[in-house]
Amino acid sequence: MKRPSTKNLPIEARLLPFRCPCRSFKDVKVGEEAMLELPGMQSAVLLGVVVASFWLVYKLSEAAVDPLRSVPGPTLARLSRVWYLSQVRRGNFEKKNIELHEQYGPIVRISPDHYSLADPAAIKQVYRINSNFEKSAWYEAWKHPAPEQWTTFADRNVKRHADTRRRLQGLYAMSSVSQYEKFVDQTTEVLLSRMDDLAGNAQTINMTFWLQYYAFDVIGNITFSTPFGFLEKGEDIDNILVALENNLLYSTLVGIFPEWHPRLFQWLQKLPGSGAGARVKLLRFVADTISIKWAEKAQVGDSHDFLDRLMEINAKEPEKVTEYHIFAMVIGNVFAGSDTTAVSLSAVVYNLIRNPNVMQKLRQQIVDIEPTGKITWKQSQSMPYLLAVIKEALRVHPATGLPLWRVTPRGGAQILDRFFPAGSVVGINTWTMHYNQDVFGPDAQTFRPERWLTADAETLKEMNASYMPFGLGTRTCLGRHISTLEMCKLVPRLVVAYDFALAKPKKEWNTSNFWFVRPTDFHVYVTKRKSER
Ligand code: HEM
């Protein structure tokens with residue numbers, strides 16, 4: 001309501017407290033009157049101001065003696081992690097991170113002790129094998145707070161993590177990938193039959209949902225020989241995908257203040273809609289699925305899926321692969337392997353739709369080899385254009401959109417001609433590297449698969465060294481070959497079977513970055529092409 005003007009009233013009347021003229025609020029007091037009746041409020045405000053002043057002086061003096069005080073960055077980032085939190089909460093930090101480096105250079109402070117780096121030289125310094133930079137405390141919020149409940153992705157214990165990888169990486173190795181091909185093929189058939197049902201409809205379809213259902217079902221199939229059933233049902237069964245999203249939100253934001261995680265998790269885990277509640281639901285879902293499948297497998301025999309292979313090793317050498325290892329690996333597959341692949345597949349399809357020439361060229365090359373698009377894994381590995389399209393899509397749209405935070409080891413570290421004392425947190429955001437014009441040229445913003453095929457040897461070496469959609473070093477993605485298998489198998493089928501048109505062709509898609517940079521409005525019209533399927 002507009003406050004009536006007191007301009008023409010006598011001075012005494014103007015000093016009277018304003019009363020709201022509407023009936024229901026007639027006794028509400030505001031302004032000076034309310035203040036006079038609440039002396040405690042004034043004291044509280046005063047106390048707040050005093051505390052804030054002390055905090056500010058303390059923070060400023062801390063900043064003044066900081067050996068890294070000359071590292072540039074937004075002023076508020078010097079004082080507290082709240083600035084970083086407020087930026088990440090907006091859901092587009094990948095873009096902000098690029099802007100920050102354009103403004104401040106290759107090293108930017110984004111909180112009192114967090115430094116974002118964007119220089120190819122820093123990649124080797126931070127992420128090389130034996131660099132001894134452990135993951136930062138941000139990763140704590142990606143696991144249950146109990147120390148013994150580690151998972152591969154979030155484990156900050158360098159020794160234990162290396163030991164787990166040594167025991168289990170064979171299951172994810174390039175040589176194992178062909179064993180999972182049949183599971184991918186089965187799931188691909190289900191997706192295509194669902195797409196056939198939807199094709200030709202006047203309504204658009206949400207491609208991200210379907211690719212997420214696909215990626216999830218593939219992981220279910222590879223891990224347990226049984227897809228979770230998302231594609232069959234055509235819906236988010238038991239709101240598992242919503243739970244994953246809530247979990248992402250919780251871990252991304254709470255990870256910035258990891259000291260709050262144990263307490264917050266304890267309080268929130270009983271609230272099903274909360275991020276912590278979602279995590280508990282997902283852990284229960286995984287644990288239940290493992291026990292059901294374990295019991296079934298004991299009776300039925302093996303089909304050489306992931307769980308079979310883990311159970312086999314467990315039966316022979318129970319101390320090598322314990323039951324906890326099995327639980328942790330399956331969690332890793334479900335948590336790290338579905339959203340990432342769905343985002344990456346979305347990026348491939350989206351960029352193909354937006355670049356009809358690339359779509360046409362790829363389609364022709366696939367059809368020349370196999371008119372149905374049923375390319376084997378082996379064939380796909382000698383299809384340079386297909387591989388370049390996938391590689392370029394993951395360059396322009398890497399699935400993770402926050403810096404991969406690491407802690408400088410004991411003794412500190414020299415990075416980009418600057419000394420970082422031990423305990424400093426440094427990280428590179430994949431987006432800043434992939435859009436680096438010194439490496440990828442002035443058209444770094446453009447989706448151009450040819451760059452991977454035509455660059456000279458020296459440039460190609462530099463591009464590969466700065467290409468990091470699967471992370472780097474000892475913490476590089478375990479499932480990268482599995483996800484490459486999924487993309488190499490599905491993309492040719494989609495390209496041969498359908499024509500796609502964006503619902504809003506003039507607009508770029510919107511995305512939301514809570515660790516994974518997920519498209520939020522990837523709606524397309526799909527029509528079936530004539531093929532020999
Ligand atoms: C295109 C799809 C994928 C992308 C873009 C991707 C990306 C990544 C990235 C960037 C990391 C490192 C994160 C960090 O340093 O903080 C990572 C780690 C990991 N990924 Fe993937 N990932 C994909 C698919 C998969 C799949 C299919 C699986 C499992 C079947 C998987 C399992 C893992 C695991 C277990 C880790 C932790 C590795 C470790 O810390 O040792 N990922 N992934």
Side-chain angles (χ1 to χ4, degrees), residues 94 123 126-127 129 131 133-136 138-143 150-158 160-169 171-173 176-177 180 183-184 187 211-212 214-224 251-252 255 305-307 310 325 328-348 390-391 393-407 426-431 433-434 467-491 515-518:
E94 77 288 0
I123 293 183
V126 176
Y127 300 101
I129 311 269
S131 70
F133 282 58
E134 66 177 39
K135 281 194 168 181
S136 79
W138 179 75
Y139 290 89
E140 284 296 320
W142 291 85
K143 58 179 276 297
W150 56 269
T151 60
T152 323
F153 169 73
D155 199 357
R156 298 175 62 217
N157 179 326
V158 174
R160 182 175 56 201
H161 170 263
D163 178 63
T164 312
R165 271 190 85 120
R166 242 192 327 275
R167 288 165 198 248
L168 296 160
Q169 63 195 0
L171 295 173
Y172 299 89
S176 293
V177 163
Y180 304 127
F183 299 115
V184 177
T187 319
L211 292 174
Q212 210 180 6
Y214 171 80
F216 229 88
D217 273 352
V218 170
I219 287 296
N221 217 3
I222 285 178
T223 312
F224 312 109
S251 305
T252 300
D305 60 38
F306 217 86
L307 187 57
L310 285 167
H325 280 120
M329 295 322 278
V330 174
I331 288 190
N333 286 6
V334 174
F335 278 63
S338 40
D339 264 340
T340 42
T341 308
V343 169
S344 305
L345 274 168
S346 297
V348 177
I390 294 172
K391 192 165 183 177
L394 272 61
R395 182 188 72 80
V396 294
H397 192 101
T400 59
L402 297 174
L404 309 177
W405 294 120
R406 302 291 187 265
V407 184
V426 293
I428 298 182
N429 188 330
T430 312
W431 286 71
M433 289 317 304
H434 286 191
Y467 182 70
M468 45 183 280
F470 294 110
L472 293 158
T474 48
R475 306 310 293 252
T476 189
C477 173
L478 260 178
R480 64 194 183 283
H481 302 309
I482 294 180
S483 62
T484 309
L485 166 73
E486 292 179 54
M487 293 185 279
C488 286
K489 297 289 294 186
L490 181 62
V491 172
W515 180 228
F516 299 141
V517 188
R518 301 161 81 177

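In what follows, residues are counted from 1 in the order of the sequence shown. Whatever order the structure lists ligands and atoms in, that order sets their numbers, starting from 1. As the structure is a computational prediction, the values presented were derived from the model and not from experiment.
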**Student:** List the atom of V517, the atom of V343, and the distance in Å for their closest heavy-atom pair.
**Tutor:** O-CG1, 3.3 Å
**Student:** Given that the side chain starts at C-beta and the backbone is N, CA, C, O, which of these parts of A399 lies under 4.0 Å from ligand 1, counting heavy atoms, or is it both or neither?
**Tutor:** side chain
**Student:** Quick one: does any side-chain atom of T430 pair with a main-chain N or O of P469 as donor and acceptor, under 3.5 Å?
**Tutor:** no
**Student:** Between R480 and T484, what is the shortest heavy-atom contact and its length?
**Tutor:** O-OG1, 2.6 Å
**Student:** Between F306 and Y172, does the ring centroid distance fall short of 6.0 Å?
**Tutor:** yes
**Student:** Between S483 and ligand 1, does any nitrogen or oxygen pair lie at a separation below 3.5 Å?
**Tutor:** no
**Student:** If you look at every heavy atom in A141 and S251, which pair is closest and at what distance?
**Tutor:** O-OG, 2.9 Å
**Student:** So for R406, does at least one of its heavy atoms come nearer than 4.0 angstrom to any atom of ligand 1?
**Tutor:** yes
**Student:** Is there a donor-acceptor pair closer than 3.5 Å between any side-chain N or O of T476 and the backbone N or O of F470?
**Tutor:** yes
**Student:** Backbone, side chain, both or neither: what part of C477 comes under 4.0 angstrom of ligand 1, heavy atoms only?
**Tutor:** both
**Student:** Taking atom 9 (C) of ligand 1 as the point of reference, which of Y139, F470, F516 owns the nearest heavy atom?
**Tutor:** F470
**Student:** Tell me whether H161 has any N or O atom under 3.5 angstrom from an N or O of ligand 1.
**Tutor:** yes
**Student:** Which of the numbered atoms in ligand 1 are below 4.0 angstrom from a heavy atom of T340?
**Tutor:** 1 (C), 2 (C), 3 (C), 4 (C), 6 (C), 22 (N), 23 (C), 24 (C), 25 (C)
**Student:** Kindly confirm or rule out an N or O of T476 lying under 3.5 angstrom from an N or O of ligand 1.
**Tutor:** no
**Student:** What is the nearest protein non-hydrogen atom to atom 13 (C) of ligand 1, stated with its residue, atom name and distance?
**Tutor:** F153 CE1, 3.7 Å
**Student:** So which heavy atom in the protein is nearest atom 33 (C) of ligand 1, and how far is it from that ligand atom?
**Tutor:** A336 CB, 3.5 Å
**Student:** Name the one of T152, V158, D155 that satisfies side-chain contact (heavy atoms from CB on, under 4.5 Å) with R475?
**Tutor:** D155
**Student:** With a cutoff of 4.0 Å, is K135 in contact with ligand 1, counting heavy atoms of the residue only?
**Tutor:** yes
**Student:** Could you check whether F153 and Y139 have their ring centres less than 6.0 Å apart?
**Tutor:** yes
**Student:** Using a strict cut-off of 4.0 Å, indicate which atoms of ligand 1 neighbour a heavy atom of T341.
**Tutor:** 2 (C), 24 (C), 27 (C)
**Student:** Please state which protein non-hydrogen atom is closest to atom 36 (C) of ligand 1 and give its distance, to 0.1 Å?
**Tutor:** L478 N, 4.1 Å
**Student:** Which of the atoms in ligand 1, numbered in the order shown and given with their element, are less than 4.0 Å from a heavy-atom of G471?
**Tutor:** 10 (C)
**Student:** Heavy-atom contacts with N333 under 4.0 Å: which atoms of ligand 1 show up? List them by number with element.
**Tutor:** 29 (C), 30 (C)
**Student:** Evaluate the criterion side-chain contact (heavy atoms from CB on, under 4.5 Å) for residue pair L404 and M468; output intermediate values, then yes/no.
**Tutor:** CA-CA 11 Å; L404 309 177; M468 45 183 280; 3.9 Å; yes
**Student:** Does W515 use its side chain to pair, donor to acceptor, with the backbone of L402 at less than 3.5 Å?
**Tutor:** no
**Student:** Counting non-hydrogen protein atoms only, what is the nearest one to atom 26 (C) of ligand 1? Give residue, atom name and distance.
**Tutor:** G337 CA, 3.3 Å
**Student:** Please confirm whether T430 comes under 4.0 Å of ligand 1, counting heavy atoms of the residue only.
**Tutor:** no
**Student:** Identify the protein heavy atom lying closest to atom 12 (C) of ligand 1, giving its residue, its atom name and the separation to 0.1 Å.
**Tutor:** R475 O, 3.6 Å
**Student:** Any idea which atoms of ligand 1 are less than 4.0 Å away from a heavy-atom of I219?
**Tutor:** 30 (C)
**Student:** What part of M468 sits under 4.0 Å from ligand 1 if we count only heavy atoms: the side chain, the backbone, both or neither?
**Tutor:** neither
**Student:** Can you tell me the protein heavy atom closest to atom 1 (C) of ligand 1 and the distance?
**Tutor:** S344 OG, 3.2 Å
**Student:** When you measure from the side chain of Y467 to the backbone of K391, do you find a donor-acceptor pair of N or O atoms at a distance under 3.5 Å?
**Tutor:** yes
**Student:** Run the side-chain contact (heavy atoms from CB on, under 4.5 Å) test on F516 and T400 for me, step by step, so that the C-alpha distance in whole Å, both residues' side-chain angles and the decisive distance to 0.1 Å come before the verdict.
**Tutor:** CA-CA 4 Å; F516 299 141; T400 59; 3.9 Å; yes
**Student:** Indicate yes or no: at least one non-hydrogen side-chain atom of H161 is less than 4.5 angstrom from one of W150.
**Tutor:** no
**Student:** What's the separation between atom CG in L168 and atom CE in M329, rounded to the nearest 0.5 Å?
**Tutor:** 4.5 Å
**Student:** I'd like to check whether E486 has a polar contact with ligand 1, where a contact means an N/O of the residue lying under 3.5 Å from an N/O of the ligand.
**Tutor:** no
**Student:** Could you tell me which atoms of ligand 1, counted from 1 in the order shown, lie closer than 4.0 angstrom to a heavy atom of P469?
**Tutor:** 5 (C), 7 (C), 10 (C)
**Student:** Please work out whether any backbone atom (N, CA, C, O) or any side-chain heavy atom from C-beta onward of R165 is under 4.0 Å from ligand 1, and answer side chain, backbone, both or neither.
**Tutor:** side chain
